[in-house]
Undergrad: 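Here it is: the structure, laid out below.
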Amino acid sequence: MESEPTVGVSASAPPPPPAATDDLQSSNASSPADAAARLIHAVEQRQQHLLDKTVPHVLYRWIACLVVVLIYFVRVYLVEGFYIITYAIGIYLLNLIIAFLSPREDPEASLTGGTLPTRRSDEYRPFVRRLPEFKFCLSIIRAFVIGFMMTFFEVFDVPVFWPILLFYWVLLFILTMRKQIQHMIKYRYVPFSFGKQKYGKKPAPAESSE
């Protein structure tokens, strides 16, 4: 009687595929970078959420801005230096003011005069700034915060005669604002909300008593 042939079975288990091992190593290598990216994204989201909550509080936002400006000037007064940083912030603020007072669409770049009404009979269109009020206030706060941090490094304390810088900044301010006012007069617009037409319910006429 013949015996049936038996199939041999390997005692050792097959090794894991190399692709799975490579994926595991790559995931371990990229995990610190992914964690840092997620942390930065979470911080940015939290910061944007806090900034969005300050949008309706215009008065408190500008009070905070004035407090930051005051702290910076007290710091500069106490250390008696870093005037070149103050001058740089002043030039930056001058650019912000011009952008805040300018329309988003420059009428000089359009043959039709842009979107600003030039006659009383024209349809009322609200003034749209090139730099919105919220970004204007936020940019001022950031500029003075960065300047305040720079006052702790002696490398930025360049010796200068500050009255000359002050005179030069005042001269630039006068010339720039003069040009801006001429632009406003030429195209007949006012970058503020007071005195503009407002739509609302008309008051009911008083009934005449007989």
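All values below come from the heavy atoms of this structure, side chains included, with hydrogens, waters and symmetry mates left out. Computed from a prediction, not measured in an experiment: that's the story for all the values here.
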Undergrad: I need the F167 CZ to L172 CG distance, nearest 0.5 Å.
TA: 10.0 Å
Undergrad: Does the side chain of I98 come within less than 4.5 Å of K179's, by heavy atoms?
TA: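 Answer no - side chains too far apart.
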Undergrad: Going from CD1 on I71 to CG on L66, what distance comes out if it is rounded to the nearest 0.5 angstrom?
TA: 11.0 Å
Undergrad: Start with the C-alpha distance between I91 and Y168, add both sets of side-chain angles, then the distance that settles side chain to side chain contact (heavy atoms under 4.5 Å, CB included), and finish with yes or no.
TA: CA-CA 10 Å; I91 297 298; Y168 187 59; 5.7 Å; no
Undergrad: Who are the side-chain contact (heavy atoms from CB on, under 4.5 Å) partners of A99, not counting sequence neighbours?
TA: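 Checked A99 against side-chain contact (heavy atoms from CB on, under 4.5 Å); matches are R130, L131.
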Undergrad: According to a hydrophobic-cluster definition based on side-chain heavy atoms being under 4.5 Å apart (Ile, Leu, Val, Met, Phe, Trp, Tyr only), do F144 and F153 belong together?
TA: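 They do share one cluster, since a chain of ILVMFWY contacts under 4.5 Å joins F144 to F153.
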Undergrad: Please say yes or no: joined through hydrophobic side-chain contacts below 4.5 Å, possibly via intermediate residues, are L70 and L93 part of one cluster?
TA: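 Hydrophobic grouping puts L70 apart from L93.
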Undergrad: If you measure from OG1 on T176 to CG on L171, what distance do you get to the nearest 0.5 Å?
TA: 9.0 Å
Undergrad: How about F152 and R75: do any of their side-chain heavy atoms sit closer than 4.5 Å?
TA: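 Heavy-atom side-chain distance check passes, below 4.5 Å.
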Undergrad: Working to the nearest 0.5 Å, report the span between CD of Q180 and CG of L94.
TA: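 Answer for the CD-CG pair, Q180 versus L94, is 10.0 Å.
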Undergrad: Going by heavy atoms in the side chains, are F156 and I84 under 4.5 Å from each other?
TA: no
Undergrad: Would M177 end up clustered with F100 when hydrophobic side chains under 4.5 Å apart are linked, directly or stepwise?
TA: yes
Undergrad: Applying side chain to side chain contact (heavy atoms under 4.5 Å, CB included), run through W62 and E133 and close with a yes or a no.
TA: CA-CA 10 Å; W62 280 103; E133 179 271 335; 2.6 Å; yes
Undergrad: Please confirm whether the backbone N or O of F136 pairs with a side-chain atom of S139, one donor and one acceptor, at under 3.5 Å?
TA: no
Undergrad: Are V170 and V76 linked, directly or through intermediate hydrophobic residues, by side-chain heavy-atom contacts shorter than 4.5 Å (ILVMFWY only)?
TA: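 Yes, same cluster.
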Undergrad: Are the side chains of V160 and L165 in touch, meaning some heavy atoms are under 4.5 Å apart?
TA: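 SC-SC contact between V160 and L165 confirmed.
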Undergrad: Using side-chain heavy atoms (C-beta onward) and a distance below 4.5 Å, is Y72 in contact with I85?
TA: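 Side-chain contact under 4.5 Å: yes.
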Undergrad: Just how far is it from atom CZ of F82 to atom CD of E154, taken to the nearest 0.5 Å?
TA: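 So the CZ of F82 and the CD of E154 are separated by 4.5 Å.
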Undergrad: Looking at every non-hydrogen atom in both residues, tell me the closest pair between C65 and I140 and how far apart they are.
TA: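 So the two residues come closest at SG-CG2, 3.4 Å.
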Undergrad: Would you please name every residue forming a side-chain contact (heavy atoms from CB on, under 4.5 Å) with I164, sequence neighbours left out?
TA: F161
Undergrad: Between M149 and F73, is there a shared hydrophobic cluster once you connect ILVMFWY residues whose side-chain heavy atoms come closer than 4.5 Å?
TA: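 Looking at the clustering, F73 is in the same group as M149.
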Undergrad: Take a 6.0 Å sphere around CZ of F134 and say whether it holds more than 12 heavy atoms from other residues, nucleotides or ligands.
TA: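 It does: F134 CZ has more than 12 such atoms within range.
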Undergrad: For the side chain of R61 and the backbone of C137, is there at least one donor-acceptor N/O pair under 3.5 Å apart?
TA: no
Undergrad: Within the 4.5 Å heavy-atom criterion, are Y87 and W162 side-chain neighbours or not?
TA: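 Side chain of Y87 against side chain of W162, heavy atoms only: no contact under 4.5 Å found.
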Undergrad: Inspect the surroundings of OH in Y77 and state if more than 12 heavy atoms from other residues, nucleotides or ligands are less than 6.0 Å away.
TA: no
Undergrad: Does T86 reach the side chain of W169, with side-chain heavy atoms less than 4.5 Å apart?
TA: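 No; the side chains remain at least 4.5 Å from each other.
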Undergrad: Can you measure from CD1 (I146) to OG1 (T151) and round to the nearest 0.5 angstrom?
TA: 12.5 Å
